[in-house]
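We name chains A, B, ... by the order of the sequence lines, and we start the count at 1 in each one. It should be emphasised that the depicted structure is a prediction, and the values quoted were computed from it without experimental measurement.
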Amino acid sequence: MAAAKTAISPTRAEDYPEWYQQVIKGADLAENSAVRGCMVIKPWGYSLWENMQKGLDRMFKETGHQNAYFPLFIPMSFLEKEAEHVEGFAKECAVVTHHRLEPDGKGGLRPAGPLEEPLIVRPTSETIIGATYAKWVQSYRDLPILINQWANVVRWEMRTRLFLRTSEFLWQEGHTVHATAEEAMEETQKMLDVYTDFAENYMAMPVIRGEKTPGERFPGAVTTLSIEAMMQDRKALQAGTSHFLGQNFSKAQEIKFQSQAGQIEYAWTTSWGVSTRLIGALIMTHSDDDGLVLPPRLAPTQIVIMPIYRDENQKAEVLAYCDTLRKQLGTLSYAGESLRVEIDARDLRGGEKKWYHVKRGVPVRIEVGPKDMANNAAFVARRDTGESKSTPVAELIATLPALLENIQSSLFQKALAMREANTVELNSEAEFRDYFKPDDEQGRSSGGGFAKCWFASEQDVQPLLDELKVTIRCIPLDAPKGSGTCFLTGKPSTTQAIFAKAY
RNA sequence: CGGGGUGUAGCGCAGUCUGGCUAGCGCAUCUGGUUUGGGACCAGAGGGUCGUAGGUUCGAAUCCUAUCACCCCGACCA
């Protein structure tokens, strides 16, 4: 028997990176633009982002934050103030040096009006926001400041991949100021909790919460916490970060306040962010060889109704029946929101229409034809498992919210089982090398998986990690605290971390 | 920035090595017809200064030089 035809070619097993691109194309999420490294996010992809924004924004507000907006341009001198920060971002900054164009005499244009001080396009906003906060903060009574901004940022990347790494991307960045280290650290952890909640309950993507090692930390941070997810090729993807910045930025930018005791003190700051990269994470967590698979809570359309008819008379009847059904379903709610139901009445052949929605990941497809009408029923198919059956309308209405919840939770369970099946504990260099060995002739690896290993020093293991292209993802917050032995050097160790190949 | 590859119709490609009829094919699009619980079939039509700029030649998609863009692999990274 020939292999079943898949809507996406190649399959994940055949060529994972190419499959990823084709899923995006098949679902019409985004495309490359005329600008190198920058993408166009198309309506289906953007509405996914809007749903993410909606969920996250509500959670930010519930934890006491407000939105504000800071400039796209940052004076170059601002970036210079925090040494590690400069080192981390200088290499990937877009720089604005002129403010005017003039004819070049050959029919084109050339920059004119050089700026006295170059501006950089924000790669992140710690510096400009810090400079602003320095003016806002005078007294302990001004604290805490809890602000988030939704923005675009630019990081001039060498190699780009849609959603996962583009030169410009959309994100949110929270920036807070606190009177004490404890309070700032608590904020850092709280926002990691928010990200965890969002990843697991909205995206149905299980994550490991942990702390970054010094080598993987955000430039300028004292502590970086992250959530790490496993993609279907078993590579890790950092899905969100939350940083405790200590007093590094407040010292660099003079964010000082007079305490209750009358002392002038440097404030404690945090920053935290997630980006459109989450869309890449979503794609690689759930999608299959027929295209995108969306968790119901984030799907722009949760249910699509497809009328099926032969002639104009049937068409009118079927459409009327579908419309009634849509109205009935519209009164239902799932996860606190009205169901998002659409009728696809386009004049397309049934098969084409079906695959269109399959590739776009719509969680539930309802097909309604004359036979279903006669039985007061509808044909219901779920995207994640492909299961389908004829269901009486009354039963459909009674069970649809539960069906969506079932899809949502089974996507999570499936992803969790995948991660657990590909997580091992390794205790020797030989095991480590074998686990992460390249597995095709081009030296590419299908990922290996997550490895829990004790290690004594980042410096000791780094050469091996570089050789195998493995990174320390994080030290999980729930990692065993006891004592172990470094898998490489045999030295006593107090730290067990997750090692993996990563995006 | 190094190594490799690709630019020909909206998309995917052949043709390039060995220069030569009017530059083809599949999908998509449009028209007509037949179909209709499923990615349909038949017939016809539209659509290209062959990435760009020079050069060689009677003649260039094809050879030469330059240049640009994109993809893959490294270094960098959310």
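- Sorted by first and then second residue, the ring pair (Phe, Tyr, Trp, His ring centres under 6.0 Å) pairs involving residues 18-38 of chain A (not counting sequence neighbours) are A:Tyr16-A:Trp19.
- A salt bridge links A:Glu367 with A:Arg365; the closest basic N to acidic carboxylate O contact falls under 4.0 Å.
- Contact annotation: A:Gln21 does not reach the phosphate of B:C70 (side-chain N/O to OP1 or OP2, under 4.0 Å).
- Checking B:G39, B:G74, B:C76 against the side-chain heavy atoms of A:Trp355 singles out B:G39 as nearest.
- Per the geometry, CG belonging to A:Asp290 stands 11 Å off C1' belonging to B:G39, to the nearest Å.
- Sorted pairs that involve residues 79-92 of chain A and meet side chain to side chain donor-acceptor pair (under 3.5 Å), not counting sequence neighbours, are lacking altogether.
- Across all strands shown, nothing is found opposite B:A75 as a Watson-Crick or G-U wobble partner with both distances under 3.5 Å.
- In this pair, A:His243 and A:Phe218 present their aromatic rings parallel. The plane angle is below 30°, not in the 30 to 60° band.
- At whole-Å resolution of the value, OH in A:Tyr20 and P in B:C71 are 14 Å apart.
- The base-pairing partner of B:G54, taking Watson-Crick or G-U wobble contacts with both distances under 3.5 Å, is B:C64.
- A:Trp268 and A:Phe244 have parallel rings, their planes meeting at less than 30° on a 0 to 90° scale where 60° marks the start of perpendicular.
- Nucleotide B:A43: paired with B:U31 (Watson-Crick or G-U wobble, both distances less than 3.5 Å).
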Heavy-atom protein contacts under 4.0 Å, nucleotides 31-37 of chain B, coded B base, S sugar-phosphate only, - none | ----BSB
